[in-house]
Amino acid sequence: MKFSLNPITAKKLRRFRQIRRGFVSFTILAVLIGLSLIAEVLVNSRALIVRFEGKWYFPTYGAIIPGRTFGLDYDYATNFRELQARLEKEPERGWVLMPPVPYDPIENCYPGEFFRPRAPSFAERHFLGTDQLNRDVLARVVYGFRNALIFAGCYIVLTYLIGVSLGCSMGYFGGRLDLFGQRLIEIWSQVPFFFVVIIVASIVSGLGGMNLGWLLGVVVLFSWTSITWYMRSVTYKEKARDYVHAAEVIGAGNTRIIFSHVLPNVISTLVTFAPFSVAAAISALTALDFLGYGLPPPTPSWGELLRQGTSNLSAPWIVASAFGALMLVLVLVTFIGEAVREAFDPKKFTIYR
Amino acid sequence: MRDYFLRRLLLIPPTFIGVTLLVFAITRFVPGGPLERAIMEARTSETRRGGDMGRSSTSEEQLADLKAYYGLDKPIPVAYVQWLGKVVRCDLGTSHRFNEPVRDLITQRLPVSLVYGGITLALTYGVCIPLGIAKAIRHRTGFDNATSALIFFGYAVPGYALGAILIVFLAARAEWFPMSGFVGENFSDLSIWGKVVDLAHHAVLPLVCYAITSFAFLTMLMKNQLMDNLAADFVRTAVAKGVSFKTAVLRHALRNSLIPLATHLGASLTVFVGGSYLIEFIFDINGMGLLGVQSIFDRDYPSVMGVLVVSSLVLLTGNVISDMLIALIDPRVRFK
Amino acid sequence: MKTTKIALLAALSTAFALAGCGKKETPPPAAGASTSGTAEASATAGDTAKSAYPGLEADLAATLKHESNFYVIKTAADIPTNLAWTSGPDLPEFADPNAKKGGTLNFYLQDFPRTMRTIGPDSSGGMRQYLLDYIVMGLVLEHPNYPGQAVPGLAKEWAPVREERTMYFRLDERARWSDGAPVTTDDVIFSFYFHRSGFHKLNWYTDFYSKTWEKVTVFDKYTFALTLAELRPDFDTRVAGMTFYPKHAMADLGPDFVEKYQWRVLPTTGAYTVREEDIDKGQSVTLTRVKDWWARDLKYYRGRYNPDRYRFRIIRDHDKALEAFMRGDIDIFQQMTAVPKYWYDTLPNNHPLVADGYVHKATFYNRIPRPDWGLYINTAKHLLDNKDVRWGIQYASNFDMVASQFYRGDAMQMNTRNDGYSWRVHPTMMARKFDPVKAREYFAKAGFTKQGPDGVLTNDQGERLSFTITTYRPDIRDIMTILKTEAIKAGLEFNIEVLDQSTGWKKFQQKQHEIGLLAFSRSPELFPRYWEDGHGSNAYEDAYIGPDGKFVEKFSDGTPNPKPTRVRPNTNNYTSTFIPEFDRLIEHYDRSASLDEMKALAVKMEEILYEEAAWVPGWAQPYFRCAYWRWVRWPEGMNPMLARYADEFFVHWIDEDMEKETRSAKNKGQTFPPGIHVFDQYKEP
């Protein structure tokens, strides 16, 4: 299906594509996101395809397949690497195709051996080594990335929704709404963050435990204020400008002024914010996980990896992976944000030479 | 205008009461308060002797006794009003955990946070404003790209994790810097110059971690704002009329661009009193951030409230000040 | 520094000025309430007794008069003449009498002590051991190689009279407080008075000193007798747990004790004290050896307490402390036990410091009641009240893997909850080993027969076999992860919940958890206890109904309630165990005066607990480990049997010449033979 773009948007996209640094970052990040969406196919302890005694199996998605299905002596999920090794000895019964990284983020890759970090090994397909619980670091990085992305996406939508609507109204209408909003923000932004985290953690323990939704709620609860504050002051500034007065004079309604005049003009600030917001979301999640107030173990997360890494400096691959992943993604995101700002800003920049 | 700011100042007390009342109420709802912590400590304390206390149960009477000791035996409104009454007389109560007046705890720690906060603030604004200007002027040059990469890398680094690594490699193993603390143990014996050096020696690593993440945001804000204004008609007109480029930037464009930075200043003030808990924790710096968060973990409510009083007053005045700055810089802004 | 202070004052004064002007706007009723409220506050803070408290001497005199049943004052002539005075058996010493005195030992604390009191709120921090538990002299000392055997302490001789449940003591006339004052029976009386007063706000002490003892009888300046309320097999060493306070230094004692004595270091009978100038708030605390300590040449005390000073700096994080240790800032690092990676990865045997012999590593096998790590299954919860489910959980919990792979084979799975006593509580009982097949059998018996798409079993009602394990110890989250990933093999899902300490503790105390992973630490006692964590009345308030229809506490006072509903909070019965037969045995056990009888009862009780399956045996480490610089020296065999920590009995010393030699050798690159020691003379067979 093909749909035609509005010419202005198309122009913006063209401009965006011309900004190389941003566009390259965008491409890389898009590929990474795409890969993370199909992570189960790439990094997984479940086989992609199993041919066993004349039948085909595709275990990647869906219910677990008990070991008995393949003639193993247990009822829990099949260990496909073991099955693969076994079928290699008796190829007439079938074969197993494993993903490129045949580990999932929570499994103990060396059952029967000591729990200790192991250095990266291409032969064992632990491309970034294993962590202190014998789990594959790459798998944890990949699935941690996906969690962070989901988190950041929801975070941005929620904070912007609240921030823009409340901030613009406050800045534009001023008066009591502004005063009330300011008090609310002032009061709210001073409630100690950890307090609320502790409270939420203790309340949700009765409601199914900490999960991404609760965590998002806590972080958004404390993040909407800053964007609202900015939107308020920028709207305030815009409102004092002549074009708003002009619009007022020709009889434009409030809604129209806000949406057609003020908002497009404050978009530059908003877009400057966007990459920082994504980065802030990822950083916040990482920090909470680092402190142990994030997602419950054994959920893969970068913060948890970072914590492990900093206390296992004799296994530098852990901290390097976490640091590397975090820096790569945050830098990509900010580069993209830069380029987007440049491309979408209706005021083309001027260079005086 | 004067009326506006007068009103803003008058609004501080109700906001202050709102904040403190809210947090005060929260302290009463958090499961596991000072009471539980005290009982737990007494009961789980590992004592070679007198093990009899270890596993006994708690009677109602004991609970009531401890409740009274921790001031939890009164309803919230009564307790809050009592607390507020003391605050007016500059009495922040006594910390359950340190068993010292909270005011003393804060006055011991505030200088530390002020020093770090002040240096960090000066450092970030001192670097970010010129850097932002330079980047705006040299947009899309090699300089712009290189510095962008640099500050974004810095931004992406989690300061607390960096701190943990720096301590191990630069302080513990290479022994270039002290491992922790605000000043050395023999600080009081040093000459003035020695004190400065000692302070600086201790401050290098924490400051790196404090500041590294804060450059990116302000620099980019500065740069983008300035570029917006450079593209605006009034600057073009000025340049067209023959104003030198330098004057155009510094006189005309820069002033407008500083507005969002000014709004940010109000929020930045919290760094004076809040510090960064994680970094203070990692470097064992006894600042306000560490006190605040530790008291939350310890359920030391008088300290929690004390830190809150100071930080909220600073922030509240900070907000008024930043509004004043906006008005000062941008005459078009009218506060009604 | 001065300028910052001025800036600070300026900032503060503005802040308070602002606050002040804010308060003027406060509505008048609030202001009025605040004044009256303050009056109330001071009344409460001072306790109701404050106004009535007549001062120490008067109150003490009144108490002695009022409670003359408890405090019995007699004369020397009243001392029974037929007493069999003893100074305990002649046992070998456990320290090295040739240990060198001197030097400063560097340690660390994770947090600055909140008080210098050894009693009262906040006094149980890490410093307390060095102010009280390891230091202060007891009336007698339980010989750490001979559990149950007392040797002299403050008392030079004593005479037990079992039939009267009474022990006569004669204080050592040489015994001195660190300020030179003699220790007399005045201090004994005073200590009972103080502990029972409640001035310290911790009523457990009040209870202990009120209920354990029936009376204290004083004969003369040095002779007194203590009468126990109940005769138990640990009669001889019971008194070792008593702490005395110096009356002469506490003349201003009163209901404001907690605040007044916050930072006051009281004279001690032990070898170390803290000088006021050595409390560097927030930075460090230093212990200094008492000059001419009275017990320094006594048997069982000579050769101990050797370094002149112990310096504790504050390092919040063990990782960092280990780095500081490796840098030479700390002399002994003791966290090696709990965290295997320190032993094996951060400071492995081939680490240059170890291989070159600068740092020694030691494993010491001790014999003490082990912390009872394990899963506490709350039997009051839905599904967990089903014994088959609990049996299934027993087989689905892979603690064997924790012991053999997480602790790298050094730890072992516990067999009973009371492992590590000087006698084996149940001679043959073994923990159920991880076995997913058997676990599934039991789950099937409980109706969990179908396996869901996520591998978790469900029953006919569609309930999933999924439980939350709660802990407040973030350091064991890895162990929980191991249990979780293994349990799924049995079709059981564990959700992990790591709570903040006070929140988690509250959850357990309210019995709101499903399964808890935790441990109670224990003092080295002669026999285990069952009442606190096993008796039905600690699980339900309505466990037993008396003849008049009211709820009673004991099996012997009533009849068991078949359907108890009122969960009792604030007890340690985290498994909500309520088995009438078990309670009957506990009550028998707790009154028993014969160790043999208790042993027989314990076997029966352990069997009931096994059948109940509400506690899954976790892991135990039968040793402690530490690393120390080679100039820290130990006696032959390192430590006595009951040592829980390397420094507990203060048998180490510092060889200052060796320190100089080692430090200069390290700079020059000279090496020494490596020292990796294993002391397994007390290892359990």
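Numbered from 1 within each chain, the chains take letters A, B, ... in sequence-line order.
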Turns out that what part of Arg183(A) lies under 4.5 Å from chain B's heavy atoms comes down to both
Side chain to side chain contact (heavy atoms under 4.5 Å, CB included) between Thr310(A) and Phe290(A), intermediate numbers included: CA-CA 10 Å; Thr310(A) 48; Phe290(A) 184 85; 3.8 Å; yes
Exceeds 12 heavy-atom contacts within 6.0 angstrom, atom CZ of Phe143(B): yes
Tell me, side chain or backbone of Val319(A) under 4.5 Å from chain B's heavy atoms, or both, or neither? side chain
Going through the checks in order, is the side chain to side chain contact (heavy atoms under 4.5 Å, CB included) test met by Ile336(A) and Phe26(A)? CA-CA 6 Å; Ile336(A) 296 167; Phe26(A) 176 76; 4.1 Å; yes
Largest heavy-atom contact set with chain B, pairs under 4.5 Å, which of Asp178(A), Val333(A), Leu326(A): Leu326(A)
Side chain, backbone, both or neither of Ala287(A) within contact of chain B (heavy atoms, under 4.5 Å): both
Asp144(B) and Lys223(B), any side-chain heavy atoms less than 4.5 Å apart: yes
Just give me the residue among Val168(B), Leu22(B), Asn145(B) that pairs up with chain A most often, heavy atom to heavy atom, under 4.5 Å. Asn145(B)
Contact winner vs chain B - Leu306(A), Leu184(A), Ile282(A), heavy-atom pairs under 4.5 Å: Leu306(A)
Any donor-acceptor pair under 3.5 Å linking the side-chain atoms of Thr219(B) with those of Lys135(B)? no
Leu328(A) versus chain B, the contacting section by heavy-atom distance below 4.5 Å: neither
Apply the test side chain to side chain contact (heavy atoms under 4.5 Å, CB included) to residues Leu291(A) and Tyr160(B): give CA-CA distance (whole Å), side-chain angles for both, the deciding distance (0.1 Å), then the verdict. CA-CA 10 Å; Leu291(A) 286 176; Tyr160(B) 47 93; over 6 Å; no
Chain B contact via Ser283(A) - which portion, at a heavy-atom distance below 4.5 Å: backbone
